[in-house]
Amino acid sequence: MHSVSPDTCGYWLISQGSNIYFPDGNLPFGRAQEFGLTERQALHIGKWDNEPLFVVQEESAEVREWTPLRALLCLPATKFYLLNRGVELNHFVKTHQFCGKCGHSMKMAKEEWAMQCQNAQCGYRAYPVICPSIIVAVRRGTEILLANHLRHATPDGRGGIYTTLAGFVEVGETFEQTVEREVFEETGIKVKNIRYFGSQPWAFPNSQMVGFLADYDSGEIVLQETEIHDAKWFRYDDEMPELPPEGTIALKLIKATLELCRLADK
Ligand SMILES: NC(=O)C1=CN([C@@H]2O[C@H](COP(=O)(O)OP(=O)(O)OC[C@H]3O[C@@H](n4cnc5c(N)ncnc54)[C@H](O)[C@@H]3O)[C@@H](O)[C@H]2O)C=CC1
Ligand SMILES: [Mg+2]
Ligand SMILES: [Zn+2]
């Protein structure tokens, strides 16, 4: 982080949690002083429309017209991921103000994205926390397994989106083990033939979605009632329930799996 001079010019990412200042459908562009950003702490995090992009350190009391990051999933992926970078770095700085080892204050290091303990005897360096979470689409012949999560269910207990299963990687696990464990815990289904599909940064607040395709092996659906409201097999040519939004790796996994279902029906 450096203190912004009045004439620094570029795009400005001003955030609060996973909300972003995005007036008129873009990040603000211009000199720092035009936006009252002089002397705020900022980091250069990349390029936005061929201009430098700076993320400005979060101030909890800042009042602006915020746009939720989720509403920007429609942007080109590289832009959405850059916004995720800024939001995750701000979350990291906010949650690493003090050293976890000695309790002294921390400051952003000069030459890399890390928080450095200011106690010379300690000098501990913490790096941005990224929490890997698997996300998996399970296929059984011509059907896909989709779940309605409690966090998506409507208050009357009906409706809401149906999507793939997801869950955080635990320490000492391979991604494939997480896939097996999460699918079994949440739906009672055993899977096989687990293949890597792709990934997606997910700044809510600091996940990294690691996507997989898998095939049904055995078992009947048994819901994990603390997390899953409903889970069902949907035939690819049945009417689909409401699905996750465009731009999510969840929807990409679902589309790829429906295509595999279609091929399996030949
Ligand atoms: N980009 C996408 O398409 C999608 C992203 N997701 C994301 O996947 C992530 C994981 O999904 P869930 O089903 O909620 O996870 P999950 O099945 O592991 O359960 C959530 C629980 O995990 C624990 N937890 C929270 N943060 C953790 C962390 N950093 N490390 C380990 N455990 C943690 C908490 O006890 C929490 O209640 C969430 O961030 C969710 O927003 C989920 C579906 C689609
Ligand atoms: Mg889960
Ligand atoms: Zn320390």
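Counting convention: from 1, in listed order, for ligands and their atoms alike. Keep in mind that what you see is a predicted model, and the values were worked out from it rather than measured.
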Measure the acute angle between the ring planes of Phe29 and Tyr11, then classify it against the limits of 30° and 60° as parallel, tilted or perpendicular. tilted
Between Cys102 atom SG and Cys99 atom SG, the angle centred on the Zn ion (ligand 3) rounds (to 10°) to 110°
Please check if atom CD in Glu39 has more than 12 non-hydrogen atoms from other residues, nucleotides or ligands closer than 6.0 Å. no
Around Glu111, counting heavy atoms of other residues, nucleotides and ligands shown, do more than 12 lie under 6.0 Å from its CD? yes
From His104, does some N, O or S atom reach closer than 2.8 Å to the Zn ion (ligand 3)? no
Look at atom 34 (C) of ligand 1 and say whether a protein heavy atom is found at less than 4.0 angstrom from it. no
Counting from 1 in the order shown, the ligand 1 atoms closer than 4.0 Å to a non-hydrogen atom of Ala250 are 3 (O), 44 (C)
Between Asp215 and Lys192, is there a salt bridge with N-O shorter than 4.0 Å? no
Looking at ligand 1, does Glu170 have a heavy atom less than 4.0 Å from it? no
Given SG of Cys117 on one side and SG of Cys122 on the other, what angle do they make at the Zn ion (ligand 3), to 10°? 110°
Any chance CD of Glu225 has more than 12 other-residue heavy atoms, nucleotides or ligands included, within less than 6.0 Å? no
In the protein, which heavy atom is nearest to atom 43 (C) of ligand 1, and how far is it? Ile135 CD1, 3.7 Å
Salt bridge present between Lys255 and Glu246 (N-O < 4.0 angstrom): yes
At the Mg ion (ligand 2): angle between Glu227 atom OE2 and Ala166 atom O, to 10 degrees: 180°
Phe168 N/O under 3.5 Å from ligand 1 N/O: yes
Protein heavy-atom partner closest to atom 42 (C) of ligand 1 - residue, atom, separation in Å: Arg151 NH2, 3.4 Å
Gly167 heavy atoms, cut-off 4.0 Å: which ligand 1 atoms fall inside? 15 (O), 16 (P), 17 (O), 18 (O)
Short side-chain to backbone donor-acceptor contact, Gln118 and His104, under 3.5 Å: no
Nearest to the Mg ion (ligand 2) - the N/O/S atom of Glu186, by atom name: OE2
What's the verdict on ring pair (Phe, Tyr, Trp, His ring centres under 6.0 Å) for Phe175 and Tyr196, showing C-alpha distance, side-chain angles and the deciding distance? CA-CA 9 Å; Phe175 291 159; Tyr196 177 69; 8.1 Å; no
Contact atoms of ligand 1, heavy-atom distance to Gln200 under 4.0 Å: 1 (N), 2 (C), 3 (O)
If you count the atoms of ligand 1 from 1 in the order shown, which ones are under 4.0 Å from a heavy atom of Glu186? 17 (O)
Any idea which protein heavy atom is nearest atom 19 (O) of ligand 1, and the distance to it? Glu227 OE1, 3.5 Å
Would you call His149 a ligand 1 contact, heavy-atom distance under 4.0 Å? no
State whether the number of non-hydrogen atoms from other residues, nucleotides or ligands found under 6.0 Å of Lys190 atom NZ is greater than 12. no
Within the 3.5 Å criterion, strictly below it, is a donor on Asn119 or Tyr124 matched to an acceptor on the partner's side chain? no
Is it true that Glu185 lies under 4.0 Å from ligand 1, counting heavy atoms only? no
Give a yes/no on ligand 1: does Ser133 have at least one heavy atom closer than 4.0 angstrom to it? yes
Is there any N or O on Cys131 that sits under 3.5 Å from an N or O of ligand 1? no
Protein heavy atom under 4.0 Å of atom 22 (O) of ligand 1: yes
Which residue owns the protein heavy atom closest to atom 8 (O) of ligand 1, what's the atom, and how far is it? Met209 CE, 3.2 Å
Taking atom 11 (O) of ligand 1 as the point of reference, which of Ala166, Pro201, Ser207, Gly211 owns the nearest heavy atom? Ala166
May I ask you to check whether Tyr216 and Trp233 place their ring centers less than 6.0 Å from one another? yes
Flag: protein heavy atom within less than 4.0 Å of atom 5 (C) of ligand 1: yes
Report the C-alpha separation of Thr178 and Phe168 in whole Å, then their side-chain angles, then the decisive distance to 0.1 Å, and conclude whether the side-chain contact (heavy atoms from CB on, under 4.5 Å) test is met. CA-CA 8 Å; Thr178 313; Phe168 289 102; over 6 Å; no
Do the two ring centres, one from Tyr21 and one from Phe35, sit under 6.0 Å apart? no
Give me the nearest non-hydrogen protein atom to atom 41 (O) of ligand 1 as residue plus atom name, then the distance to 0.1 Å. Trp202 NE1, 3.0 Å
Parallel, tilted or perpendicular: which one describes the rings of His149 and His152, with boundaries at 30° and 60°? perpendicular
Ion pair present between Arg262 and Asp237, side-chain N to carboxylate O less than 4.0 angstrom? no
Interatomic spacing from CG in Leu43 to NE2 in His2 - rounded to 0.5 Å: 7.5 Å
Test your reading of the structure: does Val169 have an N or O sitting under 3.5 Å from an N or O of ligand 1? no
For the 3.5 Å polar cut-off, considering only N or O atoms, please tell me whether Thr163 and ligand 1 meet it. no
For ligand 1, find out whether one of its N or O atoms is nearer than 3.5 Å to an N or O atom of Glu182. yes
If we number the atoms of ligand 1 from 1 as shown, the ones under 4.0 Å from a heavy atom of Thr248 are 3 (O)
